[in-house]
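Notes follow the structure.
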There are 2 protein chains.
Amino acid sequence: MNDANLAERPGSDAAPAPIQRASLHDELVERLRDLIVEGEMAPGTRVPERELCTRFGVSRTPLREALKVLASEGLLALLPNRGAQVASLTLADIDEMFPVMGALEALAGELACARVTDEEIAEIRALHYQMVLHYTRRELPEYFRLNQRIHERILEIAGNATLTRMYTGLAGRVRRARYVANMSGARWDHAVEEHEAILDALALRDGPRLARILKLHLANKCETVKDSLLAETASSKPAG
Amino acid sequence: MNDANLAERPGSDAAPAPIQRASLHDELVERLRDLIVEGEMAPGTRVPERELCTRFGVSRTPLREALKVLASEGLLALLPNRGAQVASLTLADIDEMFPVMGALEALAGELACARVTDEEIAEIRALHYQMVLHYTRRELPEYFRLNQRIHERILEIAGNATLTRMYTGLAGRVRRARYVANMSGARWDHAVEEHEAILDALALRDGPRLARILKLHLANKCETVKDSLLAETASSKPAG
DNA sequence: GATTTTTATTTTGCATGCAAAAAACCCGGT
DNA sequence: ACCGGGTTTTTTGCATGCAAAATAAAAATC
């Protein structure tokens with residue numbers, strides 16, 4: 001399909017290396033996406049073209065092309081004659097996005113059940129128990145990372161690139177919100193229980209059941225994220 | 001959407017109705033999307049920047065910005081140092097996209113059942129029977145138009161803008177293929193039956209059932225489109 | 001005559017330039 | 001002090017220019 005930019009996975013590489021990739025605008029899309037998703041540019045912030053140009057050592061043309069793309073992905077909002085602004089998620093946005101992510105991940109679960117190999121089940125099981133270990137130690141960042149890995153792996157196993165693209169597009173928009181989400185103990189317990197059920201359903205290759213669980217799981221994540229977002233705004237604006 | 005003035009440019013002479021849009025690149029995205037979706041630019045065709053620039057009376061900068069956006073939507077493929085190319089759908093693409101559309105429309109059905117008013121049910125019923133009328137008369141274009149209207153209306157009633165955006169994004173990519181799809185009599189009969197079931201489930205506000213039906217409906221549409229695509233390629237390349 | 005090699009033309013990708021709109025600033029009026 | 005009008009400065013949106021890659025065309029070799 002497209003994939004003109006399958007250069008490299010920007011995994012844990014955060015080094016400010018000079019740009020030397022396929023094309024400038026493609027590279028810029030990735031870099032800027034990271035800046036936004038990782039939270040370096042706070043939601044609501046105006047995007048300073050000139051500053052980013054000097055920062056990345058490029059001219060405004062490819063940078064603006066990248067901004068347009070990110071805006072079409074929903075990560076930026078383009079204000080007419082006023083440049084770009086990092087899109088901020090409202091509660092309404094979250095209420096819209098999570099059901100969609102739930103539907104997509106439910107489909108991923110169904111597809112994955114039909115295609116998953118024993119080795120892949122073993123792999124997910126390993127990831128799962130690693131995650132549970134971090135849960136018992138209350139190591140949220142590590143838990144979070146493995147949690148994401150599991151969901152990514154299910155998407156991969158589903159083997160539907162379109163599905164993966166749409167899901168990751170949405171997930172990127174809520175990722176910052178999810179990362180700062182400080183789960184309450186009860187919610188965390190519940191999330192781990194659901195992950196047990198996810199693993200079981202996948203191991204049984206029970207597609208419909210896995211779909212149901214994933215949909216519910218995402219709905220609960222939605223509530224968690226909304227809670228955190230509420231707490232965040234409440235603390236930052238105590239007397240609004 | 002809107003459409004009318006495919007006229008010219010701002011710049012040379014007095015412009016009675018130049019582009020009446022927020023910004024050039026936004027307008028260009030819409031125009032070019034139409035060109036692609038409506039099939040004026042055949043899949044696989046290379047996109048001639050200069051020609052489109054003169055056609056729309058703009059310079060290459062906003063046009064290229066628009067191309068980048070359309071590429072990120074999957075309508076174009078960007079070839080490094082070789083410009084853009086109208087993305088052509090393979091059978092594999094279709095097999096990927098329709099399940100996703102099915103999942104999205106299933107969600108739309110569920111949400112719609114929870115929110116639909118009696119007036120809206122009556123409205124959809126009216127659309128449905130109009131559509132059935134065109135079916136009995138074997139008026140495919142009119143049938144097709146009302147079919148789309150019904151699905152769009154369900155999405156609207158679902159009231160989830162994110163869902164609508166993702167669905168229409170996918171639908172746009174397969175729209176040309178669907179439009180040229182010459183349904184066999186049996187397939188057409190079956191599609192109308194399914195639409196009866198859709199109407200019933202919506203009228204009963206049975207969300208899970210409507211979701212199931214829509215998912216199945218999309219799966220069948222997938223087969224129809226694939227058949228047509230096969231026939232098309234077979235006739236264009238009789239002796240491959 | 002066909003195939004390669006060389007040259008010319010076009011096209012792409014990016015940098016820069018310029019006019020208009022915004023934001024920032026200044027300053028006098030109240 | 002505050003606020004409104006006018007200015008300057010910055011930023012945005014788009015057009016244009018230029019070098020490198022790609023394509024087409026021509027020449028040369030076999």
Side-chain angles (χ1 to χ4, degrees), chain A residues 2-7 17-32 35-36 41-42 44-72 75-87, chain B residues 5 7-15 17-32 35-36 41-42 44-72 75-87:
Chain A
N2 45 17
D3 301 346
N5 49 356
L6 274 183
I19 287 179
Q20 200 85 34
R21 217 58 67 94
S23 64
L24 244 34
H25 61 261
D26 269 349
E27 175 71 18
L28 285 169
V29 167
E30 299 301 324
R31 295 277 186 114
L32 292 173
L35 283 189
I36 298 164
M41 307 186 76
T45 310
R46 283 191 47 193
V47 177
E49 283 187 11
R50 223 179 55 77
E51 185 185 317
L52 289 173
C53 284
T54 59
R55 174 166 182 176
F56 291 120
V58 301
S59 80
R60 286 176 53 219
T61 306
L63 187 99
R64 299 186 85 249
E65 289 173 355
L67 294 183
K68 301 290 176 299
V69 170
L70 294 171
S72 89
L75 288 170
L76 296 177
L78 254 44
L79 282 47
N81 286 322
R82 221 176 297 181
Q85 182 174 342
V86 179
Chain B
N5 40 359
E8 299 106 44
R9 69 308 84 104
S12 2
D13 288 4
I19 286 176
Q20 203 139 8
R21 185 92 181 181
S23 61
L24 242 37
H25 61 262
D26 267 349
E27 174 72 18
L28 285 170
V29 167
E30 300 301 323
R31 298 276 186 107
L32 292 172
L35 283 189
I36 298 164
M41 306 185 78
T45 309
R46 282 191 47 190
V47 178
E49 284 187 10
R50 221 180 56 76
E51 186 185 316
L52 289 173
C53 284
T54 59
R55 173 165 183 179
F56 291 120
V58 301
S59 82
R60 286 176 53 220
T61 305
L63 188 99
R64 298 185 85 249
E65 289 173 355
L67 294 183
K68 300 290 176 300
V69 170
L70 293 171
S72 88
L75 287 169
L76 296 177
L78 253 45
L79 281 46
N81 285 320
R82 222 175 296 180
Q85 181 174 336
V86 180

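Only this structure's heavy atoms are used, side chains among them; waters, hydrogens and symmetry mates stay out. These numbers were taken from a predicted model, which means no experiment stands behind them. So you know, we letter chains A, B, ... as the sequences are listed, proteins then strands, and number each from 1.
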Inset, instruction - Measure the distance from CG on B/Leu24 to C1' on D/dG13 and round it to the nearest whole Å. - result: 9 Å
Legend entry - Spacing between B/Glu49 atom CD and D/dA22 atom P, to the nearest angstrom: 15 Å
Inset, instruction - Using atom CG of A/Leu76 as one end and atom P of D/dT12 as the other, report the distance to the nearest whole Å. - result: 12 Å
Legend entry - Rounded distance in Å - CZ (A/Phe56) to P (C/dC14): 15 Å
Inset, instruction - Consider the side chain of A/His25, meaning its heavy atoms from C-beta on, and name the nucleotide among C/dG13, C/dC14, D/dT11 that approaches it most closely. - result: C/dC14
Legend entry - Heavy-atom donor-acceptor pair, B/Arg60 side-chain to C/dG13 base, under 3.5 Å: yes
Inset, instruction - Measure from CD on B/Gln85 to P on D/dA22 and round the result to the nearest Å. - result: 15 Å
Legend entry - Contact nearer the 5' end of DNA chain C, comparing A/Asn81 with B/Asn81: B/Asn81
Inset, instruction - Would you kindly give the CG-to-C1' distance between A/Leu67 and D/dT11, to the nearest whole Å? - result: 13 Å
Inset, instruction - Flag the pair B/Glu27 and B/Arg31 as a salt bridge only when some basic side-chain nitrogen lies within less than 4.0 angstrom of an acidic carboxylate oxygen. - result: yes
Inset, instruction - Name the closest nucleotide to the B/Arg64 side chain, picking from C/dT12, C/dA15, C/dT11. - result: C/dT12
Legend entry - Option passing side chain to side chain contact (heavy atoms under 4.5 Å, CB included) with B/Val29 (candidates B/Leu63, B/Leu75, B/Val69): B/Val69
Inset, instruction - Determine which bases of DNA chain C form Watson-Crick or G-U wobble pairs with both distances under 3.5 Å, and write the result as a 5' to 3' dot-bracket string with | for other-strand partners. - result: ||||||||||||||||||||||||||||||
Inset, instruction - Looking only at non-hydrogen atoms, find the nearest pair between A/Cys53 and A/Arg60 and report the distance. - result: SG-CG, 3.4 Å
Legend entry - Closest-nucleotide 5' rank along DNA chain C - winner of B/Thr61 and A/Arg46: B/Thr61
Legend entry - Rounded distance (Å) that lies between atom C1' of C/dG13 and atom CG of A/Leu63: 15 Å
Legend entry - Separation of atom CG in B/Asp26 from atom C1' in D/dT12, rounded to whole Å: 14 Å
Inset, instruction - Measure from the side-chain heavy atoms of B/Arg82 and tell me the nearest of C/dG13, D/dT23, D/dG13. - result: D/dT23
Legend entry - Sugar-phosphate only, base, or nothing, as touched by A/Leu78 at under 4.0 Å among non-hydrogen atoms: nothing
